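Take a look at the structure below.
The chains referred to below are lettered A, B, ... by the order of the sequence lines, with proteins before strands, and numbering in each begins at 1. Computation of the quantities below employed the complete heavy-atom set of this structure, encompassing side-chain atoms and omitting hydrogens, waters and symmetry-equivalent molecules. None of the values given here were measured: they were computed from a predicted structure.
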Amino acid sequence: MALRLFDSMQRELRELRRPDSAKPEDLFTFYNCGPTVYAPAHIGNFRTFLVNDVLRRVLELEFGADRIKHVRNLTDVDDRTIAQAQKEGRPLAEITRKWTEIFHLDCASLNCLPPHVEPTATGHIREQVNMIEVLMEKGNAYRAPDGSVYFKVSSFADYGRLSRIKERELKVTNTLADADHKDDLSDFALWKAYKPTEDGDVKWTGPCGAEPGRPGWHIECSAMSKKHLGDTIDLHTGGVDLLFPHHENEIAQSQCCNGTTFARHWYHSEHLLVNGTTMSKSKGNFFTLSDLTSKGYSPMAIRLALLSGHPRKQLNFTLDSLHAAESALRKLQSLADRTIAAAGKTTADFYNTAEILRHRSAPELASRGLSSLREDLNTPGALGELFSERATSDSGRDDSPIGEFRSLARIIHALGLNLHPATAATAEVPASIKQLAEQRWAAKAARDFKAADALRAEISAAGWSMLDRKDGFTLEPKK
RNA sequence: GGCGCGGUAGCCAAGUGGUAAGGCCGAGCUCUGCAAAAGCUCUAUGCGACGGUUCGAUUCCGUCCCGCGCCUCCA
(Lines give C-alpha, C1' and ligand atoms only; values in the text may rest on other atoms or scores of the structure.)
Protein backbone atom coordinates (compact mmCIF):
# COMPACT_ATOMS: atom_id res chain seq x y z
CA MET A 1 0.00 0.00 0.00
CA ALA A 2 1.25 3.39 -0.95
CA LEU A 3 1.92 6.39 1.21
CA ARG A 4 -0.40 9.14 0.06
CA LEU A 5 -0.58 12.73 1.15
CA PHE A 6 -2.70 15.67 0.11
CA ASP A 7 -0.84 17.98 -2.27
CA SER A 8 -1.82 21.62 -1.80
CA MET A 9 -0.64 22.50 -5.29
CA GLN A 10 -2.68 19.93 -7.19
CA ARG A 11 -5.42 19.69 -4.57
CA GLU A 12 -5.58 15.94 -4.40
CA LEU A 13 -4.09 12.99 -2.59
CA ARG A 14 -0.88 11.98 -4.28
CA GLU A 15 1.55 9.19 -3.65
CA LEU A 16 4.87 10.31 -2.24
CA ARG A 17 7.88 9.56 -4.39
CA ARG A 18 9.77 6.47 -3.28
CA PRO A 19 13.58 6.76 -3.34
CA ASP A 20 15.24 4.55 -5.95
CA SER A 21 16.16 1.42 -4.02
CA ALA A 22 18.93 0.65 -6.50
CA LYS A 23 20.64 3.91 -5.60
CA PRO A 24 21.42 4.15 -1.88
CA GLU A 25 22.37 7.81 -2.29
CA ASP A 26 18.90 8.68 -3.56
CA LEU A 27 17.12 10.29 -0.63
CA PHE A 28 13.58 11.52 -0.08
CA THR A 29 14.06 15.22 0.60
CA PHE A 30 11.74 16.94 3.01
CA TYR A 31 11.74 20.61 4.01
CA ASN A 32 9.60 21.90 6.85
CA CYS A 33 9.37 25.63 7.61
CA GLY A 34 10.49 26.03 11.21
CA PRO A 35 9.85 28.59 13.95
CA THR A 36 10.91 32.19 14.35
CA VAL A 37 12.93 32.24 17.54
CA TYR A 38 12.00 35.44 19.36
CA ALA A 39 9.48 34.12 21.91
CA PRO A 40 8.20 30.74 23.11
CA ALA A 41 6.48 28.67 20.46
CA HIS A 42 2.83 28.09 21.35
CA ILE A 43 1.03 24.79 21.05
CA GLY A 44 -0.53 25.90 17.78
CA ASN A 45 2.98 26.09 16.37
CA PHE A 46 3.67 22.70 17.88
CA ARG A 47 0.65 21.17 16.23
CA THR A 48 2.37 21.71 12.90
CA PHE A 49 5.71 20.42 14.13
CA LEU A 50 4.01 17.39 15.66
CA VAL A 51 2.22 16.58 12.42
CA ASN A 52 5.52 16.89 10.59
CA ASP A 53 7.13 14.64 13.16
CA VAL A 54 4.54 11.94 12.52
CA LEU A 55 5.07 12.45 8.80
CA ARG A 56 8.81 11.99 9.27
CA ARG A 57 8.22 8.80 11.26
CA VAL A 58 5.81 7.39 8.69
CA LEU A 59 8.26 8.20 5.91
CA GLU A 60 10.99 6.35 7.76
CA LEU A 61 8.77 3.33 8.24
CA GLU A 62 7.78 3.43 4.60
CA PHE A 63 11.10 4.13 2.89
CA GLY A 64 13.68 3.34 5.58
CA ALA A 65 15.26 5.73 8.05
CA ASP A 66 18.42 6.08 5.98
CA ARG A 67 16.48 7.21 2.91
CA ILE A 68 14.98 10.39 4.36
CA LYS A 69 16.59 13.79 4.66
CA HIS A 70 14.55 16.13 6.81
CA VAL A 71 15.43 19.82 7.06
CA ARG A 72 13.70 22.30 9.33
CA ASN A 73 15.03 25.84 9.55
CA LEU A 74 15.21 28.40 12.32
CA THR A 75 14.30 31.95 11.39
CA ASP A 76 16.74 33.92 13.48
CA VAL A 77 16.64 37.25 11.69
CA ASP A 78 13.51 39.12 10.64
CA ASP A 79 11.38 42.04 11.82
CA ARG A 80 10.20 40.28 14.95
CA THR A 81 13.54 38.93 16.15
CA ILE A 82 15.17 42.31 15.61
CA ALA A 83 12.33 44.11 17.33
CA GLN A 84 12.62 41.79 20.34
CA ALA A 85 16.38 42.31 20.56
CA GLN A 86 15.90 46.07 20.38
CA LYS A 87 13.19 45.96 23.01
CA GLU A 88 15.41 44.03 25.41
CA GLY A 89 18.52 45.98 24.49
CA ARG A 90 20.45 42.77 23.85
CA PRO A 91 22.31 41.39 20.85
CA LEU A 92 20.13 39.56 18.33
CA ALA A 93 22.18 36.37 18.65
CA GLU A 94 21.62 36.25 22.38
CA ILE A 95 17.85 36.46 21.99
CA THR A 96 17.65 33.88 19.25
CA ARG A 97 19.98 31.48 21.05
CA LYS A 98 17.84 31.62 24.17
CA TRP A 99 14.60 30.87 22.32
CA THR A 100 16.22 28.23 20.16
CA GLU A 101 17.28 26.35 23.29
CA ILE A 102 13.79 26.55 24.73
CA PHE A 103 12.31 25.39 21.43
CA HIS A 104 14.62 22.38 21.46
CA LEU A 105 13.67 21.50 25.01
CA ASP A 106 9.97 21.74 24.14
CA CYS A 107 10.45 19.55 21.06
CA ALA A 108 12.31 16.98 23.12
CA SER A 109 9.64 16.82 25.79
CA LEU A 110 7.03 16.34 23.06
CA ASN A 111 9.15 13.45 21.76
CA CYS A 112 9.87 15.00 18.35
CA LEU A 113 12.72 13.60 16.33
CA PRO A 114 15.27 16.30 15.56
CA PRO A 115 15.56 17.12 11.86
CA HIS A 116 18.73 15.97 10.13
CA VAL A 117 19.71 19.55 9.43
CA GLU A 118 18.46 22.64 11.24
CA PRO A 119 19.89 25.58 9.30
CA THR A 120 19.63 29.19 10.42
CA ALA A 121 18.97 32.25 8.31
CA THR A 122 21.98 34.08 9.74
CA GLY A 123 24.17 31.08 8.94
CA HIS A 124 23.23 31.32 5.26
CA ILE A 125 23.58 35.00 4.37
CA ARG A 126 26.07 34.24 1.61
CA GLU A 127 23.74 31.70 -0.01
CA GLN A 128 20.84 34.13 0.13
CA VAL A 129 22.90 36.95 -1.34
CA ASN A 130 24.01 34.65 -4.14
CA MET A 131 20.46 33.80 -5.05
CA ILE A 132 19.42 37.45 -5.00
CA GLU A 133 22.29 38.31 -7.33
CA VAL A 134 21.23 35.62 -9.76
CA LEU A 135 17.66 36.93 -9.65
CA MET A 136 18.89 40.46 -10.33
CA GLU A 137 21.00 39.27 -13.25
CA LYS A 138 18.08 37.38 -14.72
CA GLY A 139 15.80 40.38 -14.43
CA ASN A 140 13.52 38.90 -11.75
CA ALA A 141 14.66 41.37 -9.11
CA TYR A 142 15.56 45.03 -8.96
CA ARG A 143 17.26 47.51 -6.68
CA ALA A 144 14.92 50.04 -5.09
CA PRO A 145 15.97 53.65 -4.51
CA ASP A 146 16.81 52.98 -0.86
CA GLY A 147 19.17 50.12 -1.71
CA SER A 148 16.72 47.30 -0.91
CA VAL A 149 16.08 44.59 -3.48
CA TYR A 150 12.60 43.47 -4.49
CA PHE A 151 11.35 40.50 -6.44
CA LYS A 152 9.43 41.53 -9.52
CA VAL A 153 6.26 39.46 -9.32
CA SER A 154 5.23 40.30 -12.87
CA SER A 155 8.37 38.51 -14.12
CA PHE A 156 7.07 35.13 -12.94
CA ALA A 157 4.05 33.97 -14.89
CA ASP A 158 3.14 31.18 -12.45
CA TYR A 159 2.87 33.50 -9.47
CA GLY A 160 -0.27 32.74 -7.43
CA ARG A 161 -0.70 29.17 -8.61
CA LEU A 162 -0.27 27.59 -5.19
CA SER A 163 -2.50 29.99 -3.29
CA ARG A 164 -4.76 30.76 -6.23
CA ILE A 165 -4.26 34.44 -5.84
CA LYS A 166 -4.17 36.54 -8.91
CA GLU A 167 -1.88 39.48 -9.22
CA ARG A 168 -4.67 41.95 -9.75
CA GLU A 169 -6.38 40.80 -6.55
CA LEU A 170 -3.19 41.50 -4.69
CA LYS A 171 -3.09 45.01 -5.95
CA VAL A 172 -6.66 45.66 -4.94
CA THR A 173 -6.36 44.41 -1.39
CA ASN A 174 -2.80 45.31 -0.59
CA THR A 175 -3.31 49.00 0.05
CA LEU A 176 -1.42 49.09 3.33
CA ALA A 177 1.84 47.65 2.05
CA ASP A 178 4.90 49.81 2.13
CA ALA A 179 4.79 50.82 -1.47
CA ASP A 180 7.31 53.53 -0.93
CA HIS A 181 10.19 51.87 -2.70
CA LYS A 182 8.49 49.21 -4.79
CA ASP A 183 7.77 49.33 -8.48
CA ASP A 184 4.59 47.40 -7.87
CA LEU A 185 2.44 46.73 -4.82
CA SER A 186 2.67 42.97 -5.12
CA ASP A 187 6.47 42.88 -5.25
CA PHE A 188 8.15 41.57 -2.12
CA ALA A 189 11.49 42.19 -0.44
CA LEU A 190 14.48 39.95 -1.06
CA TRP A 191 16.89 42.24 0.71
CA LYS A 192 16.05 45.01 3.16
CA ALA A 193 18.41 47.96 3.35
CA TYR A 194 19.70 48.77 6.82
CA LYS A 195 17.64 51.23 8.87
CA PRO A 196 19.71 52.61 11.76
CA THR A 197 16.68 53.58 13.80
CA GLU A 198 15.12 50.12 13.67
CA ASP A 199 17.81 47.55 13.05
CA GLY A 200 20.39 48.15 15.79
CA ASP A 201 23.64 46.60 14.63
CA VAL A 202 22.01 43.92 12.48
CA LYS A 203 23.40 44.20 8.96
CA TRP A 204 25.44 42.32 6.42
CA THR A 205 27.04 43.20 3.10
CA GLY A 206 24.30 43.01 0.53
CA PRO A 207 24.05 41.70 -3.01
CA CYS A 208 26.15 43.46 -5.62
CA GLY A 209 24.58 46.87 -6.22
CA ALA A 210 22.49 46.91 -3.05
CA GLU A 211 23.10 48.60 0.28
CA PRO A 212 24.13 46.67 3.39
CA GLY A 213 21.16 45.26 5.27
CA ARG A 214 19.53 41.90 5.86
CA PRO A 215 17.67 39.26 3.86
CA GLY A 216 13.90 39.27 3.51
CA TRP A 217 11.99 36.47 5.19
CA HIS A 218 11.15 34.39 2.13
CA ILE A 219 14.59 34.04 0.58
CA GLU A 220 16.00 32.14 3.55
CA CYS A 221 13.96 29.01 2.89
CA SER A 222 14.76 29.11 -0.82
CA ALA A 223 18.48 29.40 -0.08
CA MET A 224 18.60 26.82 2.72
CA SER A 225 16.57 24.20 0.93
CA LYS A 226 18.74 24.67 -2.18
CA LYS A 227 21.91 24.25 -0.18
CA HIS A 228 20.87 21.25 1.88
CA LEU A 229 18.40 19.48 -0.39
CA GLY A 230 19.11 20.66 -3.92
CA ASP A 231 17.15 22.60 -6.54
CA THR A 232 14.13 20.29 -6.49
CA ILE A 233 12.83 18.88 -3.23
CA ASP A 234 10.38 16.02 -2.83
CA LEU A 235 8.20 17.56 -0.16
CA HIS A 236 7.76 21.00 1.33
CA THR A 237 5.53 21.47 4.37
CA GLY A 238 4.30 24.09 6.78
CA GLY A 239 1.20 25.58 8.35
CA VAL A 240 -1.64 26.82 6.14
CA ASP A 241 -0.82 30.40 6.96
CA LEU A 242 2.42 30.01 5.02
CA LEU A 243 0.64 29.17 1.78
CA PHE A 244 0.51 32.84 1.02
CA PRO A 245 2.72 34.71 0.78
CA HIS A 246 5.64 32.70 2.11
CA HIS A 247 5.46 29.57 0.00
CA GLU A 248 4.22 31.41 -3.06
CA ASN A 249 7.27 33.64 -2.83
CA GLU A 250 9.63 30.74 -2.25
CA ILE A 251 8.39 29.15 -5.44
CA ALA A 252 8.88 32.37 -7.39
CA GLN A 253 12.40 32.89 -6.08
CA SER A 254 13.60 29.33 -6.40
CA GLN A 255 12.13 28.58 -9.79
CA CYS A 256 13.34 31.82 -11.33
CA CYS A 257 16.80 31.30 -9.87
CA ASN A 258 17.18 27.57 -10.48
CA GLY A 259 15.09 27.17 -13.59
CA THR A 260 13.42 24.02 -12.32
CA THR A 261 10.48 22.84 -10.22
CA PHE A 262 11.02 23.84 -6.60
CA ALA A 263 8.95 21.22 -4.74
CA ARG A 264 7.27 18.11 -6.13
CA HIS A 265 4.72 18.01 -3.34
CA TRP A 266 3.30 20.64 -0.99
CA TYR A 267 1.62 19.80 2.29
CA HIS A 268 -0.02 22.19 4.74
CA SER A 269 -1.45 21.39 8.13
CA GLU A 270 -4.37 23.33 9.55
CA HIS A 271 -4.47 25.67 12.49
CA LEU A 272 -5.16 24.97 16.09
CA LEU A 273 -8.00 27.15 17.39
CA VAL A 274 -8.76 28.22 20.90
CA ASN A 275 -12.28 29.35 21.72
CA GLY A 276 -13.11 28.96 18.06
CA THR A 277 -10.50 31.36 16.77
CA THR A 278 -6.90 31.01 15.63
CA MET A 279 -4.33 30.80 18.36
CA SER A 280 -1.74 33.44 17.65
CA LYS A 281 0.80 35.58 19.36
CA SER A 282 -0.69 38.76 18.01
CA LYS A 283 -4.09 37.89 19.47
CA GLY A 284 -2.52 36.90 22.77
CA ASN A 285 -4.83 33.89 23.06
CA PHE A 286 -2.20 31.19 23.12
CA PHE A 287 -0.89 28.47 25.40
CA THR A 288 2.77 27.60 25.50
CA LEU A 289 3.96 24.15 26.47
CA SER A 290 5.11 25.38 29.86
CA ASP A 291 1.74 27.09 30.47
CA LEU A 292 0.21 23.63 30.31
CA THR A 293 2.89 21.55 31.99
CA SER A 294 2.88 23.97 34.91
CA LYS A 295 -0.83 23.20 35.29
CA GLY A 296 0.15 19.55 35.65
CA TYR A 297 -0.59 18.27 32.16
CA SER A 298 1.96 15.90 30.71
CA PRO A 299 3.70 16.63 27.40
CA MET A 300 2.51 13.28 26.05
CA ALA A 301 -1.12 14.18 26.76
CA ILE A 302 -0.54 17.41 24.89
CA ARG A 303 0.96 15.47 22.00
CA LEU A 304 -1.99 13.10 21.97
CA ALA A 305 -4.51 15.95 22.18
CA LEU A 306 -2.89 17.76 19.27
CA LEU A 307 -2.88 14.60 17.15
CA SER A 308 -6.50 13.75 17.94
CA GLY A 309 -7.86 15.80 15.06
CA HIS A 310 -7.19 15.35 11.38
CA PRO A 311 -4.09 17.40 10.49
CA ARG A 312 -5.88 19.10 7.60
CA LYS A 313 -8.82 20.16 9.72
CA GLN A 314 -8.91 22.94 12.24
CA LEU A 315 -8.85 21.64 15.77
CA ASN A 316 -10.36 23.54 18.67
CA PHE A 317 -8.11 23.20 21.68
CA THR A 318 -9.62 22.99 25.16
CA LEU A 319 -8.43 21.94 28.58
CA ASP A 320 -11.15 19.28 28.44
CA SER A 321 -9.40 17.70 25.49
CA LEU A 322 -6.27 17.46 27.63
CA HIS A 323 -8.17 15.68 30.37
CA ALA A 324 -9.48 13.25 27.80
CA ALA A 325 -5.98 12.74 26.47
CA GLU A 326 -4.57 12.04 29.93
CA SER A 327 -7.18 9.32 30.46
CA ALA A 328 -6.68 7.87 27.01
CA LEU A 329 -2.94 7.80 27.58
CA ARG A 330 -3.37 5.71 30.74
CA LYS A 331 -5.49 3.29 28.78
CA LEU A 332 -2.83 2.99 26.10
CA GLN A 333 -0.13 2.47 28.67
CA SER A 334 -2.12 -0.31 30.25
CA LEU A 335 -2.63 -1.89 26.83
CA ALA A 336 1.09 -1.62 26.13
CA ASP A 337 2.02 -3.16 29.47
CA ARG A 338 -0.22 -6.16 28.88
CA THR A 339 1.03 -6.59 25.34
CA ILE A 340 4.65 -6.37 26.46
CA ALA A 341 4.09 -8.90 29.23
CA ALA A 342 2.24 -11.33 26.95
CA ALA A 343 5.13 -11.27 24.49
CA GLY A 344 7.69 -11.74 27.26
CA LYS A 345 9.38 -8.49 26.29
CA THR A 346 10.48 -5.36 28.16
CA THR A 347 9.61 -1.70 27.77
CA ALA A 348 13.12 -1.19 26.40
CA ASP A 349 12.24 -3.67 23.63
CA PHE A 350 9.01 -1.77 23.06
CA TYR A 351 10.84 1.46 22.29
CA ASN A 352 13.72 -0.13 20.40
CA THR A 353 13.59 2.00 17.27
CA ALA A 354 16.25 0.01 15.42
CA GLU A 355 14.23 -3.14 15.96
CA ILE A 356 10.98 -1.45 14.93
CA LEU A 357 12.57 -0.21 11.72
CA ARG A 358 14.15 -3.59 11.08
CA HIS A 359 10.69 -5.19 11.12
CA ARG A 360 9.09 -2.29 9.30
CA SER A 361 7.80 -4.38 6.40
CA ALA A 362 6.88 -7.49 8.36
CA PRO A 363 3.33 -8.58 7.49
CA GLU A 364 1.95 -8.65 11.02
CA LEU A 365 2.58 -4.95 11.19
CA ALA A 366 0.29 -4.01 8.37
CA SER A 367 -2.47 -3.28 10.78
CA ARG A 368 -3.53 -1.28 13.78
CA GLY A 369 -3.91 2.10 12.28
CA LEU A 370 -0.77 2.34 10.22
CA SER A 371 -2.82 2.24 7.05
CA SER A 372 -4.72 5.29 8.29
CA LEU A 373 -1.46 7.11 8.75
CA ARG A 374 -0.39 6.11 5.26
CA GLU A 375 -3.54 7.62 3.85
CA ASP A 376 -3.04 11.35 4.31
CA LEU A 377 -1.73 11.11 7.86
CA ASN A 378 -5.09 10.36 9.41
CA THR A 379 -3.99 10.46 13.03
CA PRO A 380 -7.47 10.31 14.62
CA GLY A 381 -8.34 7.37 12.38
CA ALA A 382 -5.15 5.61 13.45
CA LEU A 383 -5.91 6.31 17.09
CA GLY A 384 -9.39 4.87 16.68
CA GLU A 385 -8.10 1.66 15.18
CA LEU A 386 -5.42 1.45 17.81
CA PHE A 387 -7.95 1.63 20.63
CA SER A 388 -10.40 -0.73 19.06
CA GLU A 389 -7.63 -3.30 18.52
CA ARG A 390 -9.26 -3.99 15.22
CA ALA A 391 -7.09 -5.24 12.43
CA THR A 392 -7.57 -3.31 9.23
CA SER A 393 -8.25 -4.95 5.93
CA ASP A 394 -4.69 -6.16 5.54
CA SER A 395 -4.56 -9.92 5.40
CA GLY A 396 -1.81 -12.05 6.84
CA ARG A 397 -1.88 -10.27 10.16
CA ASP A 398 -0.08 -12.14 12.89
CA ASP A 399 -2.20 -12.23 16.05
CA SER A 400 0.38 -14.03 18.14
CA PRO A 401 1.66 -12.17 21.20
CA ILE A 402 4.85 -11.28 19.39
CA GLY A 403 2.91 -10.06 16.36
CA GLU A 404 0.70 -7.95 18.61
CA PHE A 405 3.75 -6.62 20.36
CA ARG A 406 5.46 -5.54 17.16
CA SER A 407 2.27 -4.14 15.72
CA LEU A 408 1.60 -2.02 18.78
CA ALA A 409 5.22 -0.92 19.18
CA ARG A 410 5.22 0.18 15.59
CA ILE A 411 2.09 2.32 15.62
CA ILE A 412 3.04 3.87 18.96
CA HIS A 413 6.41 4.70 17.46
CA ALA A 414 4.79 6.17 14.35
CA LEU A 415 2.62 8.41 16.50
CA GLY A 416 5.64 9.29 18.59
CA LEU A 417 3.95 8.50 21.88
CA ASN A 418 6.14 7.62 24.80
CA LEU A 419 3.82 5.76 27.15
CA HIS A 420 6.52 5.14 29.73
CA PRO A 421 8.13 8.49 30.49
CA ALA A 422 11.02 8.35 32.92
CA THR A 423 9.72 8.58 36.45
CA ALA A 424 12.84 10.28 37.76
CA ALA A 425 11.00 13.58 37.94
CA THR A 426 8.24 12.36 40.25
CA ALA A 427 8.21 14.02 43.61
CA GLU A 428 10.05 12.49 46.52
CA VAL A 429 7.76 11.00 49.13
CA PRO A 430 8.43 12.66 52.50
CA ALA A 431 9.57 10.29 55.25
CA SER A 432 6.59 11.20 57.42
CA ILE A 433 4.15 10.19 54.70
CA LYS A 434 6.09 7.02 54.08
CA GLN A 435 5.87 6.16 57.74
CA LEU A 436 2.11 6.73 57.86
CA ALA A 437 1.75 4.51 54.81
CA GLU A 438 3.77 1.74 56.39
CA GLN A 439 1.58 1.96 59.49
CA ARG A 440 -1.56 1.81 57.43
CA TRP A 441 -0.29 -1.16 55.47
CA ALA A 442 0.44 -2.97 58.76
CA ALA A 443 -3.01 -2.07 60.10
CA LYS A 444 -4.58 -3.37 56.95
CA ALA A 445 -2.60 -6.61 57.17
CA ALA A 446 -3.86 -6.96 60.75
CA ARG A 447 -7.40 -6.38 59.39
CA ASP A 448 -7.79 -3.31 61.56
CA PHE A 449 -9.66 -1.44 58.83
CA LYS A 450 -10.80 1.36 61.07
CA ALA A 451 -7.22 2.32 61.86
CA ALA A 452 -6.28 1.85 58.22
CA ASP A 453 -8.99 4.24 57.04
CA ALA A 454 -8.01 6.81 59.64
CA LEU A 455 -4.40 6.64 58.51
CA ARG A 456 -5.37 7.01 54.88
CA ALA A 457 -7.41 10.08 55.76
CA GLU A 458 -4.31 11.50 57.41
CA ILE A 459 -2.19 10.75 54.37
CA SER A 460 -4.83 12.26 52.16
CA ALA A 461 -4.96 15.41 54.28
CA ALA A 462 -1.23 15.77 53.77
CA GLY A 463 -1.81 15.83 50.01
CA TRP A 464 -0.98 12.26 49.05
CA SER A 465 -2.95 9.34 47.65
CA MET A 466 -2.23 5.81 48.77
CA LEU A 467 -3.14 3.20 46.22
CA ASP A 468 -3.16 -0.42 47.28
CA ARG A 469 -2.00 -3.28 45.15
CA LYS A 470 -1.92 -6.96 46.05
CA ASP A 471 1.77 -6.92 46.87
CA GLY A 472 2.17 -3.40 48.23
CA PHE A 473 1.17 0.19 47.72
CA THR A 474 1.96 3.29 45.69
CA LEU A 475 2.07 6.85 46.93
CA GLU A 476 1.21 9.67 44.56
CA PRO A 477 0.82 13.40 45.02
CA LYS A 478 -2.89 14.10 45.14
CA LYS A 479 -4.36 15.62 42.01
C1' G B 1 -15.35 41.55 -2.41
C1' G B 2 -11.88 37.18 -3.87
C1' C B 3 -10.05 32.24 -2.47
C1' G B 4 -10.64 28.01 0.81
C1' C B 5 -12.35 24.74 4.95
C1' G B 6 -15.92 22.81 8.28
C1' G B 7 -20.98 21.65 10.73
C1' U B 8 -21.56 13.58 13.04
C1' A B 9 -24.05 11.56 20.47
C1' G B 10 -23.34 15.56 26.86
C1' C B 11 -17.92 16.89 25.04
C1' C B 12 -14.00 15.60 21.33
C1' A B 13 -13.60 13.07 16.70
C1' A B 14 -12.99 9.18 12.24
C1' G B 15 -15.68 7.30 8.24
C1' U B 16 -18.77 5.46 4.18
C1' G B 17 -23.73 5.29 -2.09
C1' G B 18 -26.11 0.01 1.48
C1' U B 19 -27.55 1.33 6.80
C1' A B 20 -22.85 5.14 12.10
C1' A B 21 -14.80 3.72 14.36
C1' G B 22 -12.70 5.44 18.58
C1' G B 23 -11.60 8.62 22.95
C1' C B 24 -13.59 11.49 27.25
C1' C B 25 -17.67 11.85 30.54
C1' G B 26 -21.77 8.87 32.58
C1' A B 27 -24.10 4.05 34.08
C1' G B 28 -23.70 -1.20 35.35
C1' C B 29 -20.63 -5.38 36.43
C1' U B 30 -15.85 -8.03 37.94
C1' C B 31 -11.86 -7.60 41.27
C1' U B 32 -10.94 -5.41 46.16
C1' G B 33 -12.22 -4.94 53.81
C1' C B 34 -13.34 -0.03 51.63
C1' A B 35 -11.18 3.22 48.08
C1' A B 36 -8.20 3.81 43.85
C1' A B 37 -6.34 1.44 39.67
C1' A B 38 -7.39 -2.14 36.01
C1' G B 39 -10.68 -5.22 33.01
C1' C B 40 -15.56 -6.18 30.84
C1' U B 41 -20.45 -4.33 29.24
C1' C B 42 -23.91 -0.38 27.90
C1' U B 43 -24.68 4.70 25.83
C1' A B 44 -26.69 8.38 17.93
C1' U B 45 -33.12 4.82 13.72
C1' G B 46 -28.94 9.43 13.86
C1' C B 47 -24.64 12.56 10.70
C1' G B 48 -26.78 21.75 10.22
C1' A B 49 -31.84 22.80 7.24
C1' C B 50 -34.67 22.07 2.91
C1' G B 51 -35.02 20.14 -1.93
C1' G B 52 -32.99 16.80 -6.01
C1' U B 53 -30.56 12.22 -8.17
C1' U B 54 -30.92 6.89 -6.59
C1' C B 55 -33.80 0.62 -5.24
C1' G B 56 -31.19 3.07 -1.24
C1' A B 57 -27.97 9.49 0.71
C1' U B 58 -24.88 11.21 6.64
C1' U B 59 -22.00 10.14 2.09
C1' C B 60 -23.35 12.75 -4.72
C1' C B 61 -25.84 17.55 -6.72
C1' G B 62 -28.44 22.31 -5.65
C1' U B 63 -30.17 26.19 -2.42
C1' C B 64 -30.05 28.15 2.37
C1' C B 65 -28.36 28.77 7.65
C1' C B 66 -24.24 28.76 11.05
C1' G B 67 -18.88 28.68 12.29
C1' C B 68 -13.66 29.28 10.90
C1' G B 69 -9.27 30.49 7.94
C1' C B 70 -6.26 33.21 4.17
C1' C B 71 -6.00 37.72 0.91
C1' U B 72 2.04 40.61 2.42
C1' C B 73 3.17 39.65 11.07
C1' C B 74 1.71 34.49 11.57
C1' A B 75 2.79 26.95 12.45
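One finds no side-chain N or O of A/Lys313 lying less than 4.0 angstrom from the OP1 or OP2 phosphate oxygen of B/C68. Phosphate proximity of B/G69 to A/Thr277: present, with a side-chain N or O under 4.0 Å from OP1 or OP2. For B/C34, the OP1/OP2 oxygens have no side-chain nitrogen or oxygen of A/Lys444 closer than 4.0 Å. Contact annotation: A/Arg164 does not reach the phosphate of B/G2 (side-chain N/O to OP1 or OP2, under 4.0 Å).
Between B/A14 and B/G56, the two C1' atoms lie 23 Å apart (nearest whole Å).
Salt-bridge formation is detected for the pair A/Asp53/A/Arg303: a Lys NZ or Arg NE/NH1/NH2 atom is positioned less than 4.0 Å from an Asp or Glu carboxylate oxygen. Using a 4.0 Å cut-off between a side-chain N of Lys or Arg and a carboxylate O of Asp or Glu, A/Asp234 and A/Lys69 do not qualify as a salt bridge.
Whole-Å rounding puts the A/Ile459 CD1 to B/A36 C1' distance at 13 Å. Going from atom CG of A/Leu319 over to atom C1' of B/C24 covers 14 Å, rounded to whole Å.
Here A/Phe387 does not lie in a stacked arrangement on the base of B/G22, lacking the combination of planes under 30° and ring centres under 5.5 Å apart.
Residue contacts for A/Asp453: at a heavy-atom cut-off of 4.0 Å it reaches a base atom on one of the strands shown. Base engagement by A/Gly44 is indicated by at least one non-hydrogen atom pair under 4.0 Å involving a base atom.
For B/G46, there is no paired nucleotide, since no Watson-Crick or G-U wobble pair has both relevant distances below 3.5 Å. Across all strands shown, B/U59 has no partner, as no Watson-Crick or G-U wobble contact with both distances under 3.5 Å is found. Summarising the base pairing, B/A27 is matched to B/U41 through a Watson-Crick or G-U wobble pair whose two defining distances lie under 3.5 Å. Across the strands present, B/C70 finds its partner in B/G2; the criterion is a Watson-Crick or G-U wobble pair with both atom distances under 3.5 angstrom.
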Q.
I'd like to know whether A/Asp7 forms a salt bridge (charged side-chain N to carboxylate O under 4.0 Å, His left out) with A/Arg14, so could you lay out the CA-CA distance, the side-chain angles of the two residues, the decisive distance to 0.1 Å, and finally the verdict.
A. CA-CA 6 Å; A/Asp7 178 12; A/Arg14 286 180 53 226; 2.5 Å; yes
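Around NZ of A/Lys152, the count of heavy atoms belonging to other residues, nucleotides or ligands within 6.0 Å does not exceed 12.
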